[in-house]
Amino acid sequence: MSKTAMIRARTEPALKKEAEGIFKELGISNTEAINLFYRQVALRKGLPFEVKIPNKTTIETFRKTDRREDLTSFESVDDLLKDLDIHK
């Protein structure tokens, strides 16, 4: 009997490329990433993250940021903290 099982799945090429780039930065293979996901599902008896449908405000915010609208940028972390009224 085999000590491993084959998993076959289809995904969008751009998503695959992006995810594989992240795995490479993390120093893990695609197989290790999939095994990590499966282990977390088994340990948690469910998905290892919350899955829910975003509300209308969140969807519109995603659309705006995708269009690069209503974005705020800062020259430094200090400027960001000042804008948020957070003091070191």
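- Under the rule for a side-chain contact (heavy atoms from CB on, under 4.5 Å), the partners of N55 that lie at least two apart in sequence or sit in another chain are T57, T58.
- One hydrophobic cluster, built from ILVMFWY side chains closer than 4.5 Å, holds both L47 and I7.
- Note: the hydrophobic cluster containing V77 also contains L84 (ILVMFWY, side chain heavy atoms under 4.5 Å, direct or indirect links).
- Under the side chain to side chain donor-acceptor pair (under 3.5 Å) criterion, the residue pairs touching residues 33-53 are Q40-R44, with sequence neighbours excluded.
- Listed by chain and residue number, D70 satisfy the salt bridge (charged side-chain N to carboxylate O under 4.0 Å, His left out) test with K64 (two or more places apart in sequence, or in another chain).
- Applying the salt bridge (charged side-chain N to carboxylate O under 4.0 Å, His left out) rule to K56 yields no partners; only residues at least two apart in sequence or on another chain are considered.
- With sequence neighbours excluded, the residues that form a side-chain contact (heavy atoms from CB on, under 4.5 Å) with A19 are F23.
- For residues 23-32, no pair satisfies salt bridge (charged side-chain N to carboxylate O under 4.0 Å, His left out), with sequence neighbours left out.
- When hydrophobic clusters are built by joining Ile, Leu, Val, Met, Phe, Trp and Tyr residues whose side-chain heavy atoms come closer than 4.5 Å, directly or via intermediates, I34 is grouped together with F49.
- Taking both residues in full, the closest heavy atoms of T65 and L71 are given as CG2-CD2, 3.7 Å, listed atom of the first, atom of the second, then distance.
- F62 belongs to no hydrophobic cluster, as no Ile, Leu, Val, Met, Phe, Trp or Tyr side chain comes under 4.5 Å of its own.
- Taken to the nearest 0.5 Å, the CG atom of D79 stands 12.5 Å off from the OG1 atom of T72.
- In this structure, the side chain to side chain donor-acceptor pair (under 3.5 Å) partners of D85, at least two apart in sequence or on a different chain, are H87.
- Residues forming a salt bridge (charged side-chain N to carboxylate O under 4.0 Å, His left out) with E69 (at least two apart in sequence, or on another chain): R67.
- Residues passing the side-chain contact (heavy atoms from CB on, under 4.5 Å) test with I53: none are found, sequence neighbours excluded.
- Taking CG from D83 and CG from D78, the interatomic distance works out to 12.5 Å, rounded to the nearest 0.5 Å.
- In this structure, V41 and P48 approach most closely via the heavy-atom pair CG2-CD, 3.8 Å.
- Checked against side-chain contact (heavy atoms from CB on, under 4.5 Å), T4 has the following partners two or more places apart in sequence or in another chain: S2.
- Screening residues 7-16 for side chain to side chain donor-acceptor pair (under 3.5 Å) gives K16-E20 as the qualifying pairs, with residues at least two apart or on separate chains.
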